[in-house]
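Since the model is a prediction, treat every value here as computed from it, not as a measurement. The sequence lines fix the lettering, A, B, ..., with proteins before strands; numbering per chain opens at 1.
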Amino acid sequence: MSLEKYKQKRDFSKTEEPVGGKGKRKTLSFVVQRHHATSLHYDFRLEMEGVLKSWAVPKGPSLNPADKRLAMMVEDHPFDYGKFEGEIPAGNYGAGVVSIFDAGTYTALDKGTENDLLKGLHDGSLKIKLNGKILKGEFALVRMKTSEQNAWLLIKHKDEYAVTKKFNIEDLVSKEVKKKGLDFKRKKKEPRKPEVEPDDALAYTSVKTKVKLISRNGIDFSSRYKPIVEALAGIKAEAVIDGELVIEDALPKFYVFDLLSLNNHDIRDMDLLKRKALLFELIKKLDHPLIIYSKHERADKEEEDVVQEQEGEEIESRKETAVMETDREEQYGKKIVKLTNLNKLYWPVEKISKGQLIDYYKGVSEYILPHLKDKPLSLNRHPNGIAEPSFFQKDLDREKIPSWIKTAPLYSDSTEKTIDYLVCNDEATLLWMVNLGCIEINPWLSSYKKPEVPLFAVLDLDPHDVDFNEVIAVAKTAKMLLDQMNITAFIKTSGSKGLHIFIPVSPIYDYDITKEFIHYVGQMVFERHPNTTSLERSPAKRKERIYLDFLQNRVGQTIAAPYSVRPKPGATVSAPLAWDELKAGLTTKGFTLFNMGQRLHERGDLWKDMHLVKNNLKKALTL
DNA sequence: GGCCTCA
DNA sequence: TGAGGCCAACGCGCA
DNA sequence: TGCGCG
Ligand SMILES: [Mn+2]
Ligand SMILES: [Mn+2]
């Protein structure tokens with residue numbers, strides 16, 4: 001390996017890292033640099049052939065032979081890089097702060113020559129003896145037998161320099177060095193804030209959304225205590241942490257003493273000790289100087305707790321976590337569905353778990369599946385529940401999903417590529433997609449076999465701050481008009497705020513026809529409710545009106561399936577209705593994941609005859 | 001949620 | 001190993 | 001010529 005890669009990654013007019021430089025012959029040197037970049041790691045470098053063979057060691061080297069430290073081999077660095085310390089400016093490769101942790105000379109074990117070292121490098125096994133200030137004695141670097149070619153392990157041999165105690169390299173780093181790294185990361189963002197009064201606060205962390213810091217009386221401290229918010233962003237879990245904000249040495253600090261929620265599990269009922277054990281784990285993992293775990297309950301003056309192992313608590317807390325992360329497997333013939341994180345709360349307020357969602361879909365699968373048959377699906381995935389952001393997915397990678405999953409390749413003109421849409425024709429697939437975080441099920445209105453031929457025309461009633469009784473009145477008007485045209489239509493709640501009217505049609509139209517038909521029906525409805533409905537697309541022009549959305553009738557558009565749960569408060573369901581249920585008292589909130597089973601039992605499947613009906617729109621228009 | 005990439 | 005990124009996109013009315 | 005929309 002030459003230095004080509006090294007030079008290619010850097011712009012030497014912008015970084016002070018060395019361009020080159022050759023090693024001298026006599027002895028070989030090594031250096032370990034602490035590199036506080038996007039993620040803190042240590043770079044382990046050995047001089048060979050006049051350059052520095054380099055490994056990035058995420059957790060840094062250890063003097064404890066029990067530790068196997070992952071070391072990812074990276075490009076060779078010039079010899080002079082071993083002397084480099086300082087800042088790599090933002091925007092450059094490896095931006096952050098570099099400091100030399102240790103340096104010295106090294107030799108190959110068994111009086112090997114440099115050639116032996118090169119052979120060892122090639123063969124994936126290096127045995128060396130370091131002679132540094134901190135790192136002394138024998139080490140082995142062994143290439144892992146994984147598919148990842150660059151993964152090595154750095155292991156201390158047992159010798160007089162080895163330690164048996166837990167070895168944490170960061171304990172050997174001076175405060176000043178650590179601070180420099182943190183300051184660099186912080187610098188770009190925001191200027192220092194003046195000192196403020198200490199205050200109690202709750203911190204809300206999350207996997208994807210911003211950390212929130214709210215005072216006891218509801219004031220948002222997030223901008224006032226930005227460094228704390230940024231520090232807490234390192235907590236890669238949903239958590240509600242109780243603590244106290246103070247200013248010390250002109251630095252804001254957050255002393256934390258209780259954990260109220262973790263991974264969307266409300267744990268306030270849990271033992272205080274267990275909660276504290278979980279909090280301790282969380283804060284230890286975060287390992288941030290501004291966030292300090294406090295053993296005590298609200299104390300006036302907390303003394304900093306040295307991180308110490310409390311074995312009993314450790315085990316306890318792990319057990320607790322294990323209880324919260326249950327997995328299960330379902331088998332349908334040869335199809336095996338892995339269901340994960342079943343106790344995760346998808347509705348944190350209502351405390352409804354992913355497992356309950358999956359159970360609901362199992363219960364209604366025989367009713368929902370006929371409506372999904374052969375329809376391409378757009379996935380709206382909420383892997384962290386309804387309170388966290390979701391993302392959409394259409395294209396599935398056949399390589400990365402079980403082979404029994406059915407997909408339909410459909411060509412997209414706009415992106416000029418083929419998209420493998422999910423098709424859900426059985427319960428196994430339904431549970432598989434729900435497990436991926438699909439709270440709602442969104443099928444097309446046409447089959448993948450004839451994507452341009454809609455099987456339904458849909459009138460979507462979208463109320464914007466309109467009394468639901470008016471929505472009911474509008475739906476009844478639509479029903480009356482459709483009756484006059486001899487059209488058989490079906491109705492359901494959207495599961496959100498509105499109603500969906502579905503008109504199954506003969507498979508002989510294109511979307512322009514169904515769209516224009518619904519547009520026409522919409523216009524007639526509008527004539528009868530000119531003050532409460534609107535056909536305008538611009539939301540500004542339909543304030544406090546019911547939007548008669550006919551534009552849903554287009555290729556690629558989706559609408560929530562009947563019996564689909566919606567990612568909304570209360571775990572509401574899009575519920576098929578009988579037309580005579582359209583009367584005062586009806587609400588969309590009344591149908592939830594909890595009562596649909598009972599309703600199906602009492603009323604049966606109100607949409608079961610949907611596929612027997614094939615309306616003729618042309619005939620209807622002539623009536 | 002799961003997979004890939006990068007250090 | 002561990003963190004971060006990625007995972008959609010129709011076409012039409014309007015400024 | 002681009003943005004917003006569901
Ligand atoms: Mn580095
Ligand atoms: Mn709607």
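Take the nearest nucleotide of DNA chain B for A:K400 and for A:H382: the residue whose nucleotide is more 5' is A:H382.
For an aromatic pair to be called close, the ring centres must be under 6.0 Å apart, and A:Y421 with A:W444 satisfies this.
When the nucleotides B:dA7, B:dG1, B:dC4 are ranked by their closest atom to the side chain of A:T340, B:dG1 comes out on top. Counting only heavy atoms from C-beta on, A:Q557 has its side chain closest to D:dG6 among B:dC4, B:dA7, D:dG6.
When the P atom of D:dG6 is taken as reference, atom NZ of A:K497 falls 12 Å away, rounded to whole Å. For the pair A:K9 NZ and B:dA7 C1', the interatomic distance rounds to 9 Å; values are reported in whole Å. Atoms CD (A:E440) and C1' (D:dG6) sit 11 Å apart, rounded to a whole Å. B:dC6 atom C1' lies 10 Å from atom NE2 of A:H41, rounded to whole Å. If you take CG of A:L499 and P of D:dG6, they are 18 Å apart, rounded to a whole angstrom. Taking atom CG of residue A:L396 and atom P of nucleotide B:dG2, one finds them 14 Å apart after rounding to whole Å. Taking atom CD of A:E388 as the reference point, atom P of B:dG1 lies 11 Å away to the nearest angstrom. Note: CG (A:N553) to C1' (D:dC5) measures 16 Å, nearest angstrom.
Near DNA chain C, meaning a heavy atom under 4.0 Å from it, residues 351-362 of chain A has no residue at all. Listed by residue number, there are no residues of residues 535-546 of chain A with a heavy-atom contact under 4.0 Å to DNA chain B.
Salt bridge annotation for A:R34-A:E170: present, with a cationic side-chain nitrogen under 4.0 angstrom from a carboxylate oxygen. Using a cut-off of 4.0 Å between Lys/Arg side-chain N and Asp/Glu carboxylate O, A:R328 and A:E330 are scored as salt-bridged. Of the charged side-chain nitrogens involved, none lies within less than 4.0 Å of a carboxylate oxygen, so that A:D67 and A:K59 do not count as a salt-bridged pair.
Residue A:L551 is out of contact with every strand shown, counting any heavy-atom pair closer than 4.0 Å. Looking at heavy-atom distances under 4.0 Å, A:D462 makes contact with sugar-phosphate atoms alone, never a base. Nucleic acid contact for A:D397: none, since no nucleic acid atom lies under 4.0 Å from a heavy atom of the residue.
Going from the C1' atom of C:dA9 to that of D:dG4 covers 13 Å, rounded to whole Å. Distance noted for atom C1' between D:dC5 and C:dA8: 14 Å (whole Å).
The side-chain contact (heavy atoms from CB on, under 4.5 Å) with A:T407 is formed by just one residue from the set A:I401, A:V423, A:D397, A:I419; it is A:I401.
A sub-4.0 Å separation between OP1 or OP2 of C:dA8 and a side-chain N or O of A:N380 is absent. At B:dA7, one or more side-chain N or O atoms of A:Y93 fall inside 4.0 Å of OP1 or OP2 (strictly under the cut-off). Between A:N341 and B:dG1, a side-chain N or O to OP1/OP2 separation shorter than 4.0 Å is present.
To the nearest 0.5 Å, atoms CD (A:Q523) and CD (A:E516) are separated by 8.0 Å. In this structure, A:L278 CG and A:I241 CD1 are separated by 11.5 Å, a value rounded to the nearest 0.5 Å.
Taking 3.5 Å as the limit, the base of D:dG6 and the side chain of A:Q552 contain no donor-acceptor pair of atoms between them.
Not a single side-chain hydrogen bond (donor to acceptor under 3.5 Å, both in side chains) links A:K394 to another residue, sequence neighbours left out. Among residues two or more places apart in sequence or in another chain, the side-chain hydrogen bond (donor to acceptor under 3.5 Å, both in side chains) test is passed with A:Y360 by none. Partners of A:K9 by side-chain hydrogen bond (donor to acceptor under 3.5 Å, both in side chains), not counting sequence neighbours, listed by chain and number: A:E75, A:Y93.
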**Study point:** Reading 5' to 3' through nucleotides 1-7 of chain C, protein heavy-atom contacts under 4.0 Å coded B for base, S for sugar-phosphate only, - for none
**Key:** BS-S--B
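Heavy atoms only, all atoms of each residue included: A:T205 and A:A237 are closest at OG1-O, 2.8 Å.
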Review point. What do the steps show when you test A:K515 against A:L551 for side-chain contact (heavy atoms from CB on, under 4.5 Å), and what is the final call?
Key: CA-CA 6 Å; A:K515 184 174 72 195; A:L551 291 166; 3.9 Å; yes
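Atom CD of A:E416 sits in a sparse spot, with 12 or fewer heavy atoms from other residues, nucleotides or ligands closer than 6.0 Å.
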